[in-house]
Visitor: 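Structure incoming, see below.
Just so you know, these numbers use all the heavy atoms, side chains as well, and skip hydrogens, waters and symmetry mates. The chains referred to below are lettered A, B, ... by the order of the sequence lines, with proteins before strands, and numbering in each begins at 1.
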2 protein chains.
Amino acid sequence: MENLAVDEFVDLLRKNKLKVTNPRLQVLQIMSEREAAISQPELEKMVGGDIDRVTLYRVLSTFEEKGIIHKILDLQGTATYAVCSSSCNDREHHDEHVHFSCEICNKVYCLPESIYPNIAAPKGFLVKHVTINAIGICRYCQMEHKGE
Amino acid sequence: MENLAVDEFVDLLRKNKLKVTNPRLQVLQIMSEREAAISQPELEKMVGGDIDRVTLYRVLSTFEEKGIIHKILDLQGTATYAVCSSSCNDREHHDEHVHFSCEICNKVYCLPESIYPNIAAPKGFLVKHVTINAIGICRYCQMEHKGE
DNA sequence: TTAAGTGCAAAATCTTTGCAAATGT
DNA sequence: ACATTTGCAAAGATTTTGCACTTAA
């Protein structure tokens, strides 16, 4: 089962003219196994000492430039990353879905929903896109806090 | 004209059981004269060497705790602050208006608008509140970039 | 082979903490 | 007078940069 995924990752990297390296594969693996967006510090914990901190920063920023992942800020303002939908590329990012931030564990989830309201900005302000962030308690934290 | 404002600031501080000090008055003055939210680094530039960096951080966090200002993250994830509406206090923050982030100057503006859509989260996720961020080009950057 | 990617060291930011001195009430 | 607030110094945390070594193609 892991091999299948690895093949997809290799394709993805090739498609973006990126060399297939271990750090990049590991990051893709970790992100694809995870429901929530991930930050560099979390990523660093997960890979142990396998990959240098600086490399992780660089992998993330390369992926973001190529449109492989997109950046989302969590409630603390820490940058977290999640894999983009397949319609993203280095020209355009289509990550206009709702993000959910859990105020307990601080994790960020991308929600499927896509109802976008029209925002009326004051004259002179040009709105190019809109992001919506729902804040609350995620599924996992609610389970843990049942009965308290 | 400045004295009038200073009186209001003094009232505001007293109301919140805070001592009336120069750093606090200066911060309130700067924020009230500004349309956009302000970060600690910007604040530091504006006061010159008058106020210690650490004092600014502490003034901002005290004000936030008391509900005098609220924190907004800009596009880079830097914390910026704007004065709250008068309905805010240390128990509750009512800053559920739309924020506008300029992708050129990176400034954050609070928009008056308040149409809040219902967000349908997946089962298990409890949405407590929703923030909306419009991203685009602000009035001032559009003026500067006219004709380019 | 060779351009791209990695790892290490060191720098640059940004933010917090501890404590003594200064200040508002 | 006394609790609060400030300023300084120093520590922490996070992110970036420079450069030599390594590796994928």
Side-chain angles (χ1 to χ4, degrees), chain A residues 6-7 9-30 37-66 68-69 71-81 90 106 108, chain B residues 6-7 9-30 37-66 68-69 71-81 90 106 108:
Chain A
V6 168
D7 285 349
F9 301 151
V10 169
D11 282 354
L12 186 57
L13 291 175
R14 294 233 166 95
K15 206 176 306 174
N16 285 283
K17 302 195 176 74
L18 295 175
K19 288 188 177 171
V20 178
T21 66
N22 207 264
R24 285 168 178 169
L25 289 175
Q26 270 193 258
V27 169
L28 288 175
Q29 182 70 49
I30 289 170
I38 195 167
S39 64
Q40 185 284 329
E42 288 173 288
L43 212 40
E44 193 176 340
K45 275 174 216 136
M46 295 197 65
V47 297
D50 274 17
I51 309 177
D52 186 76
R53 168 176 305 158
V54 178
T55 300
L56 291 175
Y57 277 109
R58 288 194 276 225
V59 167
L60 290 173
S61 81
T62 302
F63 283 3
E64 197 198 356
E65 278 164 25
K66 294 292 184 177
I68 296 173
I69 62 180
K71 187 200 281 189
I72 319 159
L73 298 175
D74 72 11
L75 290 179
Q76 268 85 61
T78 302
T80 67
Y81 299 87
D90 57 357
N106 197 45
V108 178
Chain B
V6 168
D7 284 349
F9 301 152
V10 169
D11 281 355
L12 185 57
L13 292 174
R14 295 234 166 95
K15 208 177 302 175
N16 284 283
K17 301 197 178 75
L18 295 174
K19 288 187 178 172
V20 177
T21 67
N22 207 265
R24 286 169 176 169
L25 289 175
Q26 268 193 258
V27 169
L28 288 174
Q29 182 70 48
I30 289 170
I38 195 167
S39 65
Q40 185 285 327
E42 289 174 287
L43 212 39
E44 192 177 339
K45 278 173 214 135
M46 295 197 63
V47 297
D50 273 17
I51 308 176
D52 187 76
R53 168 175 306 159
V54 178
T55 300
L56 290 174
Y57 277 110
R58 287 193 277 223
V59 167
L60 289 173
S61 82
T62 302
F63 282 3
E64 197 198 358
E65 278 164 26
K66 294 293 184 173
I68 296 174
I69 62 180
K71 187 199 281 190
I72 318 159
L73 298 174
D74 72 13
L75 291 178
Q76 269 86 60
T78 302
T80 67
Y81 299 86
D90 57 356
N106 198 44
V108 179

Visitor: Scan nucleotides 6-15 of chain D nucleotide by nucleotide, 5' to 3', and note B when protein non-hydrogen atoms come under 4.0 Å of the base, S if they reach only the sugar-phosphate, - if neither.
Guide: BBBB----SB

Visitor: Calculate the interatomic distance between B:L56 atom CG and C:dT13 atom C1'; express it in whole Å.
Guide: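 Interatomic distance, CG of B:L56 to C1' of C:dT13: 16 Å.
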
Visitor: Can you tell me how far the OG1 atom of A:T62 sits from the CG atom of A:N16, to the nearest 0.5 Å?
Guide: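 Answer for the OG1-CG pair, A:T62 versus A:N16, is 10.5 Å.
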
Visitor: Hey, what do you get for OH (A:Y57) to CG (A:D52), rounding to the nearest 0.5 Å?
Guide: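 The CG atom of A:D52 is 11.0 Å from OH of A:Y57, to the nearest 0.5 Å.
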
Visitor: Can you measure B:L25 atom CG to C:dT23 atom C1' for me and round it to whole angstrom units?
Guide: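 These atoms are roughly 13 Å apart.
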
Visitor: Name every donor-acceptor pair, under 3.5 Å, that has one atom in a side chain of residues 73-80 of chain A and the other anywhere in the protein, sequence neighbours excluded.
Guide:
from: A:D74; atom 1: OD1; to: A:Q76; atom 2: N; distance (Å): 2.8
from: A:D74; atom 1: OD1; to: A:G77; atom 2: N; distance (Å): 3.0
from: A:D74; atom 1: OD1; to: A:T78; atom 2: N; distance (Å): 3.0
from: A:D74; atom 1: OD2; to: A:N106; atom 2: ND2; distance (Å): 2.8
from: A:Q76; atom 1: OE1; to: A:N106; atom 2: ND2; distance (Å): 2.5
from: A:T80; atom 1: OG1; to: A:I72; atom 2: O; distance (Å): 2.9

Visitor: Of all residues at least two apart in sequence or in a different chain, which pass the side chain to side chain donor-acceptor pair (under 3.5 Å) check with A:R58?
Guide: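 Checked A:R58 against side chain to side chain donor-acceptor pair (under 3.5 Å); zero matches.
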
Visitor: Rounded off to whole Å, could you give me the CG-to-C1' distance for the B:L60 and D:dT5 pair?
Guide: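 Rounded to whole Å, this separation is 15 Å.
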
Visitor: Measure the distance from CD on B:E44 to P on C:dA12 and round it to the nearest whole Å.
Guide: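 Interatomic distance, CD of B:E44 to P of C:dA12: 17 Å.
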
Visitor: If each of A:R14 and B:L18 is mapped to the nucleotide of DNA chain D with the nearest heavy atom, which maps nearer the 5' terminus, i.e. the 5' end?
Guide: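 Between the two, 5'-proximity favours B:L18.
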
Visitor: Whole-Å distance between C:dT6 C1' and A:Q26 CD?
Guide: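 From A:Q26 CD to C:dT6 C1': 13 Å.
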
Visitor: Nearest whole angstrom, please: distance from the C1' of C:dC14 to the NZ of B:K45.
Guide: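 Whole-Å distance recorded here is 12 Å.
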
Visitor: What are the two closest heavy atoms between A:P23 and A:T55, and how far apart are they?
Guide: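 Scanning both residues completely, I find the closest heavy atoms to be CB-CG2, 3.8 Å.
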
Visitor: Check the distance between C:dG24's P and B:N16's CG and give it to me in whole angstrom.
Guide: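 After rounding, the reported distance stands at 19 Å.
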
Visitor: How close do A:R24 and A:K19 get, heavy atom to heavy atom, and via which atoms?
Guide: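 Taking every non-hydrogen atom into account, NH1-O, 3.0 Å.
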
Visitor: Quick one: side chain to side chain contact (heavy atoms under 4.5 Å, CB included) partners of B:N22, sequence neighbours excluded?
Guide: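 Expected list: B:Q26.
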
Visitor: Using the C1' atoms of the five pairs at each end, what is the angle between the end axes of the helix from C:dT1-D:dA25 to C:dT25-D:dA1, to 10°?
Guide: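 For the helix from C:dT1-D:dA25 to C:dT25-D:dA1, the axes at opposite ends meet at about 30°.
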
Visitor: Check the distance between C:dA4's C1' and A:E65's CD and give it to me in whole angstrom.
Guide: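 That distance rounds to 14 Å.
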
Visitor: Name all residues meeting the side chain to side chain contact (heavy atoms under 4.5 Å, CB included) criterion together with B:E44; count only those two or more places apart in sequence or in a different chain, and write none if there are none.
Guide: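 Partners of B:E44 under the side chain to side chain contact (heavy atoms under 4.5 Å, CB included) test: B:Q40, B:R53, B:L56.
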
Visitor: Might you work through the side-chain contact (heavy atoms from CB on, under 4.5 Å) test for B:I51 and B:V59, ending with a clear yes or no?
Guide: CA-CA 11 Å; B:I51 308 176; B:V59 167; 6.0 Å; no

